[in-house]
Each structure stands twice: as structure tokens, then as C-alpha cells.
Amino acid sequence: MKTGSDRPSRRKPVFMTMPTLASPTPLDLRGLKCPLPALRVRKALGTARPGDLLVVTCTDPMAAIDIPSLMREAGASIEHSAAEGELLVFHIRKAAA
């Protein structure tokens, strides 16, 4: 007589899927002056999904102070930042929910 432990399992296999990340969203803020770059980034983060990446380019030197400060407030992270002449580039990841 077979017991319940002798029977083959009839459970369906479970497949785990990795969340799909959207392609980076470019945000061209060149030519805008303080406080507009920070305000536009805040607005873009409000509509972005958790985990989305924003690639922000701007020319206002104050953005080098304003955008990192905004990221601390918003709980987002700057994955990369660079200055290329007058151009500032930020790779910003919205925090997971």
C-alpha cells in the first residue's frame, strides 16, 4: 500500500520572472535656470514607476546642488553624475515602492 509520501508530486512548477525595467527616460533640461531643473525632475519622478531610470541633462550650475538635495528628500538615488563642460548629467533611479 502506498502512502501519501510515495505519490509523485502533482504541483505545477513555479517560474520566477525578473521585473522588466523600462528603457531610460531622457529629460533634457538644458537652458533652464534654477529652480526649474529641480522642479521638472520632481515632476518626472512623480509620474515615473518605481525602479525607473531618468537620464537628466542640464546646464544650470545650481542643479549640481539642487538635484542631489531633491534626491535625498524624494528617496531616489543618483546612480551616476558627471560634468562635461557646461553640461551636467545625472542618472536618477526612482526608489522601489
Side-chain angles (χ1 to χ4, degrees):
M1 178 173 185
K2 289 190 172 188
T3 63
S5 63
D6 293 338
R7 293 183 184 169
S9 175
R10 297 200 181 241
R11 298 174 99 185
K12 292 183 179 180
V14 176
F15 296 100
M16 301 297 289
T17 58
M18 295 297 294
T20 57
L21 296 177
S23 60
T25 302
L27 194 57
D28 185 358
L29 305 176
R30 289 179 269 195
L32 298 179
K33 297 294 180 191
C34 184
L36 290 177
L39 293 174
R40 298 275 175 94
V41 170
R42 181 188 306 268
K43 184 176 181 179
L45 281 172
T47 60
R49 295 181 311 211
D52 280 356
L53 179 68
L54 301 176
V55 178
V56 179
T57 55
C58 54
T59 52
D60 181 21
M62 288 302 295
I65 298 168
D66 294 342
I67 290 178
S69 177
L70 171 64
M71 295 308 98
R72 285 189 293 277
E73 286 178 23
S77 63
I78 298 176
E79 293 185 350
H80 172 75
S81 64
E84 301 167 2
E86 292 182 0
L87 188 66
L88 299 171
V89 180
F90 299 94
H91 291 208
I92 299 170
R93 178 87 54 193
K94 183 170 180 175

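The model shown is predicted, which means the values in this text are computed figures rather than measured ones.
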### Query
Among pairs that include at least one residue of residues 55-64, which meet salt bridge (Lys or Arg N to Asp or Glu O under 4.0 Å), considering only residues two or more places apart or in two chains?
none

### Task
Provide the closest heavy-atom pair for L88 versus A64 in the form atom of the first, atom of the second, distance.
CD1-N, 3.9 Å

### Task
Can you sort out the partners of R30 under side chain to side chain contact (heavy atoms under 4.5 Å, CB included), two or more places apart, ordered by chain and number?
D28, T57, T59, L87

### Task
Can you see which heavy atom on A63 is nearest to which on F90, and at what distance?
O-CZ, 3.8 Å

### Query
Do L29 and L27 have side chains that get closer than 4.5 Å, going by heavy atoms?
yes

Do any side-chain atoms of residues 69-86 form donor-acceptor pairs under 3.5 angstrom with protein atoms, and if so which ones, sequence neighbours left out?
unit_1 : atom_1 : unit_2 : atom_2 : d
E79    : OE1    : R93    : NH2    : 3.4
E79    : OE2    : R93    : NE     : 2.8

### Summary
For residues 51-71, the ring-ring contact (aromatic ring centres under 6.0 Å, His included) pairs (sequence neighbours left out) are none

### Query
Does any pair with a residue in residues 27-64 pass ring-ring contact (aromatic ring centres under 6.0 Å, His included), and if so which ones, sequence neighbours excluded?
none

### Task
Return the minimal non-hydrogen interatomic distance between A38 and D66, and the atom names on each side.
CB-CB, 4.0 Å

### Task
Please examine the side chains of H91 and L53, heavy atoms only from C-beta on, and report whether any two atoms are closer than 4.5 Å.
yes

### Task
Report the residues that fulfil side chain to side chain contact (heavy atoms under 4.5 Å, CB included) with I65, sequence neighbours left out, ordered by chain and then residue number.
M62

### Query
Taking atom CG of D52 and atom CG of L45, what is their separation to the nearest 0.5 Å?
9.5 Å

